Number of protein chains: 2
Amino acid sequence: MSLRYALLAVLTAQPMTGYDLARTFHASVGHVWNAPNSQIYPELHRMEHDELIAGEDVTWGSRGTKRRYSITDAGIGAFRAWMTQPLDYAPERDPAHLKAAYFEWTDADSAREQLRRHAELYRERRGQWMGQLALVRDREHPLVRQRLEIFDAADHDRIVAFKVFAYEGLVAQADQEIAWAERGLALIDSLADHHR
Amino acid sequence: MSLRYALLAVLTAQPMTGYDLARTFHASVGHVWNAPNSQIYPELHRMEHDELIAGEDVTWGSRGTKRRYSITDAGIGAFRAWMTQPLDYAPERDPAHLKAAYFEWTDADSAREQLRRHAELYRERRGQWMGQLALVRDREHPLVRQRLEIFDAADHDRIVAFKVFAYEGLVAQADQEIAWAERGLALIDSLADHHR
DNA sequence: TATACCATGTAATAAGTTACATGATTTG
DNA sequence: CAAATCATGTAACTTATTACATGGTATA
């Protein structure tokens, strides 16, 4: 159900088409939430049906049209209600750590390769998050800028501070995963040494 | 598809009934993977059909029977293949950080309450992981003990080391989440001060 | 005018959740 | 003999993934 609120979150800043939302997801919010357009489009239809968003057809080129969605008052209410209500956490499900616990079932090279990939993945995510973080901090992030325009200047610091806080948390997560993978690589090396 | 391999991982140590697997999931592997029995029982049927596990009816009490599953050679092969093959990581999906990025949409009390819950959840997980970690390290963990019996003594250190490594990673994750939530609480306090 | 990008979906599966349902066995 | 635990599921639903499908617009 969080997809719906992730979409509403973006639409609180400005109206968008399904395509824009999918792109935004991929480029910015996507690092916290991701969804393919085959999930976004049907959800937008359901949200419009529930009157959380209003769609209007906008002409595009000579013949084409596209549908731009704006959040409604009911949508803002629903988003605010979700924001206030405590989150119900999903049960833990961590295939990377599950596999690591059973590394005796594969060879050292494969285990090393998997840990290197793990580190690599989080280095990449870390880089993307750092990029977003810099844009938010400097108030050059397009969505954040848009958001600041519709909010009172007194709120600007809070808005930016919360986004910085969230991204910093994600960067710290990535750092942790990179460090863990590196400890794993060292462990495998030490076990290999021991064998000689 | 990882559920299947999580089940196989447990069954490499010893044969078990569906009920035992569900319980083991909840009590030990469950901190890395969790599943309700309504997901476990059908999956066991499919795995038996695919001949990764073999079920046998065991008498239980005077009239009852229960079905105990053992991993087959094909099952061991499938598990080893999965262990060797690189993991395909699921796209990021993190409602807690998503919400934190939009805390301006709720009041300070609600935001604080959510961060407190976040810290509390990870403190609890941390405690469970530390418990498992101690059992594994001291080789008193029932499943690990069972596993050590069927493996050569030369492999014991590796087996324990990988499990310790995996659990230590989870503990570090929990520490990170707790620290993040506490930074968030401090941030909210400082924003509230600023308002006065 | 070809290529990249914008735009919107459907269909089929797979995976996961929630609620319900039933009955035997063991233990205090 | 009551309560806790062991044991095994089905049904309905929601969520997410993968693959496919189509066509318009902008730009070099």
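Lettering follows sequence order; numbering is per chain, from 1. The shown structure was predicted, so the numbers you read here are calculated from the model rather than taken from an experiment.
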Residues forming a side-chain hydrogen bond (donor to acceptor under 3.5 Å, both in side chains) with B:Gln114, sequence neighbours excluded:
B:Lys99, B:Ser110

Note: with side-chain heavy atoms under 4.5 Å as the link, the other cluster members for A:Tyr41 come out as A:Tyr19

In residues 40-56 of chain A, which residues come under 4.0 Å of DNA chain D by heavy atom?
none

What does the B/S/- profile of nucleotides 20-28 of chain D look like, 5' to 3', with a 4.0 Å heavy-atom cutoff to protein?
----BS---

Any salt bridge (charged side-chain N to carboxylate O under 4.0 Å, His left out) pairs touching residues 167-186 of chain A, not counting sequence neighbours?
A:Arg123-A:Glu182, A:Arg126-A:Asp175, A:Arg137-A:Glu168

End axis versus end axis in the helix from C:dT1-D:dA28 to C:dG28-D:dC1, the angle rounded to 10°, five pairs used at each terminus:
30°

Selection: residues 75-93 of chain A, any non-hydrogen atom under 4.0 Å of DNA chain C
A:Pro91, A:Arg93

Not counting sequence neighbours, list each pair that qualifies as a salt bridge (charged side-chain N to carboxylate O under 4.0 Å, His left out) and has a residue in residues 20-32 of chain B.
B:Asp20-B:Arg23

Within 45° cone and under 6.0 Å: A:Lys163 NZ/CZ vs B:Phe103 ring:
no

Scan the side chains in residues 76-85 of chain A for donor-acceptor partners under 3.5 Å anywhere in the protein, sequence neighbours excluded, and list what turns up.
unit_1	atom_1	unit_2	atom_2	d
A:Thr84	OG1	A:Arg80	O	2.9
A:Thr84	OG1	B:Thr106	OG1	3.1

Any residue of residues 2-22 of chain B with a heavy atom less than 4.0 Å from an atom of DNA chain D:
B:Thr17, B:Gly18, B:Tyr19, B:Asp20

For residues 37-46 of chain A, which residue pairs qualify under salt bridge (charged side-chain N to carboxylate O under 4.0 Å, His left out), counting only residues two or more places apart or in two chains?
A:Arg4-A:Glu43, A:Glu43-A:Arg46

Look at the side chain of A:Lys66 and decide which nucleotide, out of D:dA19, C:dT8, C:dG16, has an atom nearest to it.
C:dT8

Quick check: B:Tyr102 with A:Trp33 (ring centres under 6.0 Å apart)?
no

Quick one: list whatever passes side-chain hydrogen bond (donor to acceptor under 3.5 Å, both in side chains) with A:Asp73, sequence neighbours left out.
none

